[in-house]
Amino acid sequence: MCRGGRMFAPTKTFRRWHVKVNQNQRRFAVVSALAASALPSLVLARGHRIEEIAEVPLVTSSAAESFTKTKEAVTLLKALNAYGDVTKVSNSRTLRSGKGKWRNRRHRQRRGPLIVYGEDKGIVRAFRNLPGVEVVNVRRLNLLQLAPGGHLGRFIIWTESAFGLLDEVFGTFDKASVQKKDYLLPTAKISNPDITRLINSEEIQAAVRPISEAHTRLSRAPRKNPLVNKTALFRLNPYARVLRKQELLRQQGSQKKAKKPKAASEKFLSTLFAP
């Protein structure tokens, strides 16, 4: 006897798990995430501890690519004042709620810094054991690592050689990329993104019309219910005033016609109380 039964419409392995995204859109997302990693406000908003580092983006010597020991990686991060972000990740490790504990994802933790290198001479082995730290080649930058969870502003530590290869990998505004055929960086729509400064500039303020006080719109009074408010009713239906007067006169006439009850006569009372 089958008590539980099978599930309705069971999931299949051949489900369409992925959605195709145009190549130029994927590249646009990657370069946008790289640009966002250079803004301290976005990096701080993501939760990274970068209060004590020298600058963003943070570039270190290419000698770090030859590190093979975790001890050397920790020493480098402490020298860059970036080890606080690793400590934050270590303290954030918690047990996952729900059934994910049974499915090889028992714990949850935050993301730490992303190490971008130009050539692997042992740097992957040195940083792989630090909690939350990820290592990636500059030629294989992944959007899932640059913007985890769709949130821009990942804290990135570049080696000098990797930072110098960015123009070769993604090109510039004028020079095409070497690795991506005929690819140029997307041009900004406006050169100055400070919209408030543009609107308040002398050139634009001289072209716009001054504020006219004659055409200022007054606040509209609240709308009144004609079923409750008689003034609103008479405005919509002037004949309602006549009907109201007739109703009042009819009520007054009915009150005048009403007769007062007569008192009992003395003859009736003498008969009623006769001994």
CZ (Arg103) and NZ (Lys101) are apart, to the nearest 0.5 Å, by 10.5 Å

Exam field: side chain Arg93 to backbone His107, donor-acceptor pair closer than 3.5 Å | no

Exam field: side chain Ser92 to backbone Arg110, donor-acceptor pair closer than 3.5 Å = yes

Any donor-acceptor N/O pair, Glu65 side chain to Gly122 backbone, under 3.5 Å | no

Spacing of CG belonging to Asn137 relative to CG belonging to Asn142, to within rounding of 0.5 Å | 12.5 Å

Side chain to side chain contact (heavy atoms under 4.5 Å, CB included) test vs Trp158 passes for just one of Leu58, Ile115, Leu166, namely Leu166

CG (Leu165) and OH (Tyr117) are apart, to the nearest 0.5 Å, by 12.0 Å

Between OG on residue Ser37 and CD1 on residue Ile157, distance to nearest 0.5 Å | 12.0 Å

In this structure, are over 12 heavy atoms from other groups packed under 6.0 Å from Arg49 atom CZ?
-> no

Output for pair (Arg241 CZ, Arg235 CZ), nearest 0.5 Å, gives 10.5 Å

Does a sphere of radius 6.0 Å around CZ in Arg96 hold more than 12 heavy atoms from other residues, nucleotides or ligands, not counting ones at 6.0 Å or beyond?
-> yes

Heavy-atom closest contact (Asn229 atom, Ala232 atom, distance) | OD1-N, 3.0 Å

Take Leu39 and Leu152 through the side chain to side chain contact (heavy atoms under 4.5 Å, CB included) test and state the conclusion after the steps.
-> CA-CA 10 Å; Leu39 297 177; Leu152 300 174; over 6 Å; no

Does Arg139 reach the main-chain N or O of Gly118 with its side chain, forming a donor-acceptor pair under 3.5 Å?
-> yes

Do the side-chain N and O atoms of Glu119 and Ser161 include a donor-acceptor pair separated by under 3.5 angstrom?
-> no

Heavy-atom closest pair (Gln109 atom, Gly132 atom, distance to 0.1 Å) is NE2-N, 3.6 Å

Identify the heavy atoms of Ser62 and Thr159 that sit nearest to each other, and give their distance.
-> CA-CB, 4.5 Å

Quick one: does Ser177's side chain have a donor or acceptor within less than 3.5 Å of a partner on Val169's backbone?
-> yes

Please answer whether the main-chain N or O of Glu52 pairs with a side-chain N or O of Asn81 as donor and acceptor at a distance below 3.5 Å.
-> yes

So with a 6.0 Å cut-off around NZ of Lys175, is the heavy-atom count from everything else above 12?
-> no

Are Leu114 and Val56 grouped together when hydrophobic residues (ILVMFWY) are joined by side-chain heavy atoms under 4.5 angstrom apart?
-> no

Which atom of Arg154 lies closest to which atom of Val43, heavy atoms considered = O-CG2, 4.3 Å

Would you mind reporting whether Ile190 and Ile195 have side-chain heavy atoms less than 4.5 Å apart?
-> yes

Taking 4.0 angstrom as the limit, do Glu247 and Arg250 come out as a salt bridge?
-> no

Would you say the side-chain atoms of Glu72 pair up with the backbone N or O of Ala126, donor to acceptor, closer than 3.5 Å?
-> no

For the side chain to side chain contact (heavy atoms under 4.5 Å, CB included) test, which of Thr70, Val133, Val74 pairs with Phe127?
-> Val133

Transitive ILVMFWY side-chain link Leu76 to Phe155, under 4.5 Å | yes

Hey, is the main chain of Thr87 close enough, under 3.5 Å, to the side chain of Ser90 for a donor-acceptor pair?
-> no

Please answer: with hydrophobic residues joined when any side-chain heavy atoms are less than 4.5 Å apart, are Leu77 and Phe67 in the same cluster?
-> yes

Heavy-atom pair with the smallest gap, counting every atom of Arg111 and His48 | O-CE1, 3.4 Å

Answer with yes or no whether the hydrophobic clustering places Val59 together with Phe170; edges join I, L, V, M, F, W, Y residues whose side-chain heavy atoms lie under 4.5 Å apart.
-> yes

Got a donor-acceptor contact below 3.5 angstrom from the Asp120 side chain to the Ile123 backbone?
-> yes

Given Asn24 and Tyr183, is the side chain to side chain contact (heavy atoms under 4.5 Å, CB included) satisfied, shown in steps?
-> CA-CA 9 Å; Asn24 198 44; Tyr183 181 73; 3.5 Å; yes

Do other residues, nucleotides or ligands put more than 12 heavy atoms under 6.0 Å from the CD atom of Glu51?
-> yes

For the atom pair OG1 (Thr75) and CG (Leu80), what is the distance rounded to the nearest 0.5 Å?
-> 11.0 Å

Kindly work out whether a path of hydrophobic side-chain contacts (I/L/V/M/F/W/Y, heavy atoms less than 4.5 Å apart) joins Val116 to Leu42.
-> no

Are more than 12 heavy atoms from other residues, nucleotides or ligands located less than 6.0 Å from atom CG of Asn129?
-> no

Heavy-atom closest pair (Asp85 atom, Gly47 atom, distance to 0.1 Å) is OD1-O, 4.4 Å

Do other residues, nucleotides or ligands put more than 12 heavy atoms under 6.0 Å from Phe28 CZ?
-> no

Might you confirm whether atom CZ of Arg140 has over 12 heavy atoms from other residues, nucleotides or ligands at distances under 6.0 Å?
-> no

Assess whether atom CZ of Arg125 is packed by more than 12 heavy atoms of other residues, nucleotides or ligands within 6.0 Å.
-> no

Arg46 side chain to His151 backbone, donor-acceptor under 3.5 Å | yes

